[in-house]
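Structure, as structure tokens:
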Amino acid sequence: MKKLLLASAATAVLAGAAYAEDISIGVILGFTGPIESLTPNMAAGAELAMAEVNAAGGILDGSNVVSVRADSTCIDSAAAQAAAERLITADGVAGIMGADCSGVTTSILSNVALPNGMVMISPSATSPALSLVEDNGLFFRTAPSDARQGVVMSEVLMDRGINEVAVTYTNNDYGLGLADSFAAAFAEMGGTVTLVAAHEDGRADYSAEVGALASAGGAALVVAGYVDQGGSGIIQAALDSGAFDTFVFPDGMVSQALVDNFGDQIDGSFGQHPGTDSDGAALFQGMAAEAGFDGTSPFAAESYDAAALMMMAMAAAGSSNPGDYAGHIMDIANAPGEVIQPGELARALEIIAAGGDVDYEGATAVELIGPGESAGNYREIEIQGGEIVTARYR
């Protein structure tokens, strides 16, 4: 892939003015904030897809695709809206890959994308509420809703013989939506949630929150938080007090930072994040390794797929105008058509140019359902010897 990128750059220099005008795609993620350890790999995933398309000659009569990054902060809606406005008004993007966290994604969608008729494809906003938000057909997500994650997490616990847990969640749209969906699914399967309690990010001491959770009891503590913020604070307080030694980690907690922080102190803990063991996943991970980033990191593959879907929809529409290509995204993502895997975007563009259909499976076995969201596959992980390992896929 590195050689491919160099070749693409050299071709661009030689061609000069022969290239059509660049097409900019915004990449808006929380490069600062509570998931900042995840977003570099997410951005790299999206930009890998762009580089692949550029190496194939670009789209729409030779236009190169250019990434324009912006910081959502994950949690500050005002800052996220301002960043998205700049992407549209100053940078002239033709689409937005993002945002990441559910609250800022909802804010950008409602207050910026809709008024400007801008397409958004989020790789990681998972709140169930986003399935119901008015989007005028402009919003899609390659990560599944937490309505699905709540069921999967319940199944993971039951399969491990744990039927009583306490739950703490970060006090925002993501945390509340996940906690609610999990508690309902777990109860339906016969489990008991002893306490569901919010925690605020940015606090220096979480001993009071952990004390309340410990008093309620449970064989494990579900931490529906952010690894670079309050989620890790909760774990540290629980370890310091001996309140819990087994933790359950949803997607916002699973990253290298988790084991960097706690090592083998959390051995035996487990969790899940969107992921698949498909052929496409293996291909993407190999491409990511060659490009110098971690393709197994949560939402990196979903970011590659989000960018790829957007560019192929533009090609199918023959236009980078969001109003023209938005209606092609569901068609590109689903059958019928020739199956497209990571590394095959050039072939996809050839098929589309010839008037054929593609069924983009990509790095996450993409299938978009209902209101333009992923049907959902999950990687179940556990902590062994201070490392994150794969237990199975669901």
Side-chain angles (χ1 to χ4, degrees), residues 34 75 101-103 105-106 124-133 141 143-201 206 208-227 229-235 237-238 243-254 266 269-274 298 370 373-382 391 394:
I75 52 175
C101 300
S102 296
T105 298
T106 303
S124 59
T126 55
S127 171
L130 278 163
S131 300
L132 306 175
V133 170
R141 48 183 172 171
S145 164
D146 280 334
R148 169 69 176 145
Q149 184 170 193
V151 172
V152 170
M153 185 156 55
S154 299
E155 292 171 346
V156 169
L157 281 159
M158 288 299 186
D159 288 351
R160 290 171 179 262
I162 297 175
N163 59 16
E164 186 177 80
V165 299
V167 178
T168 180
Y169 66 92
T170 184
N171 193 15
N172 62 17
D173 291 357
Y174 160 69
L176 178 60
L178 178 54
D180 284 349
S181 65
F182 166 70
F186 197 53
E188 188 173 335
M189 293 181 193
T192 299
V193 177
T194 60
L195 178 66
V196 179
H199 65 262
E200 302 295 335
D201 286 325
Y206 290 93
E209 290 87 344
V210 168
L213 293 160
S215 295
L221 176 61
V222 176
V223 185
Y226 295 131
V227 67
Q229 256 296 345
S232 286
I234 289 282
I235 296 169
F244 295 92
D245 58 13
T246 301
F247 303 93
V248 184
F249 301 121
D251 49 11
M253 291 297 299
V254 182
I266 54 173
S269 297
F270 53 91
Q272 69 288 316
H273 66 85
E373 62 191 30
S374 171
N377 301 284
Y378 284 84
R379 175 194 181 210
E380 180 183 338
I381 62 95
E382 56 189 39
R394 294 177 180 262

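Taken to the nearest 0.5 Å, the OH atom of Tyr226 stands 4.0 Å off from the CG atom of Asn172. The line from CG of Leu157 to CD1 of Ile162 is 5.5 Å long, rounded to the nearest 0.5 Å.
Shown here are the salt bridge (Lys or Arg N to Asp or Glu O under 4.0 Å) partners of Glu382, two or more places apart in sequence or in another chain: Arg160. Not a single side-chain hydrogen bond (donor to acceptor under 3.5 Å, both in side chains) links Thr194 to another residue, sequence neighbours left out. Residues satisfying the ring-ring contact (aromatic ring centres under 6.0 Å, His included) criterion with Tyr169, sequence neighbours excluded, are absent altogether.
Within the 3.5 Å criterion, the main-chain N or O of Ala198 finds no donor-acceptor partner in the side chain of Asn171. Between the side chain of Thr168 and the backbone N or O of Ala197, at least one donor-acceptor pair lies under 3.5 Å. Judged purely by atom type and a 3.5 angstrom limit, Ser154 uses its side chain to pair as donor or acceptor with the backbone of Phe186. Using a distance-only test at 3.5 Å, with no hydrogens or angles considered, no donor-acceptor pair links the side chain of Thr105 to the main chain of Ala125. Side chain of Ser232 to main chain of Gln229: no donor-acceptor pair is present (N/O by atom type, distance under 3.5 Å, no hydrogens or angles).
Using cut-offs of 30° and 60° on the angle between ring planes, the pair Phe249 and Phe247 is parallel. Ring geometry for Tyr206 versus His199: interplanar angle over 60°, hence perpendicular rather than tilted (30 to 60°).
The two residues Gly150 and Ala185 make their nearest non-hydrogen contact at O-CB, 3.7 Å. When all heavy atoms of Ala179 and Val167 are compared, the pair lying nearest together is CB-CG1, 4.3 Å. The two residues Ala166 and Gly217 have their closest heavy-atom pair at CB-O, 3.7 Å. Asp146 approaches Pro128 most closely through the heavy-atom pair CB-CD, 3.9 Å.
Of the N and O atoms on the side chains of Arg141 and Ser102, not one donor lies less than 3.5 Å from an acceptor on the other residue. Donor-acceptor pairing under 3.5 Å is recorded for the side chains of Asp251 and Gln149. Under 3.5 Å, the side chains of Ser127 and Asp173 contain no donor-acceptor pair of N or O atoms.
More than 12 heavy-atom neighbours from other residues, nucleotides or ligands sit within 6.0 angstrom of CG on Asp159.
Screening His273, Gln272, Arg394 against Glu380 for a side-chain hydrogen bond (donor to acceptor under 3.5 Å, both in side chains) leaves a single residue, Arg394.
With a 4.5 Å cut-off on side-chain heavy atoms, Val151 and Phe182 do not count as touching.
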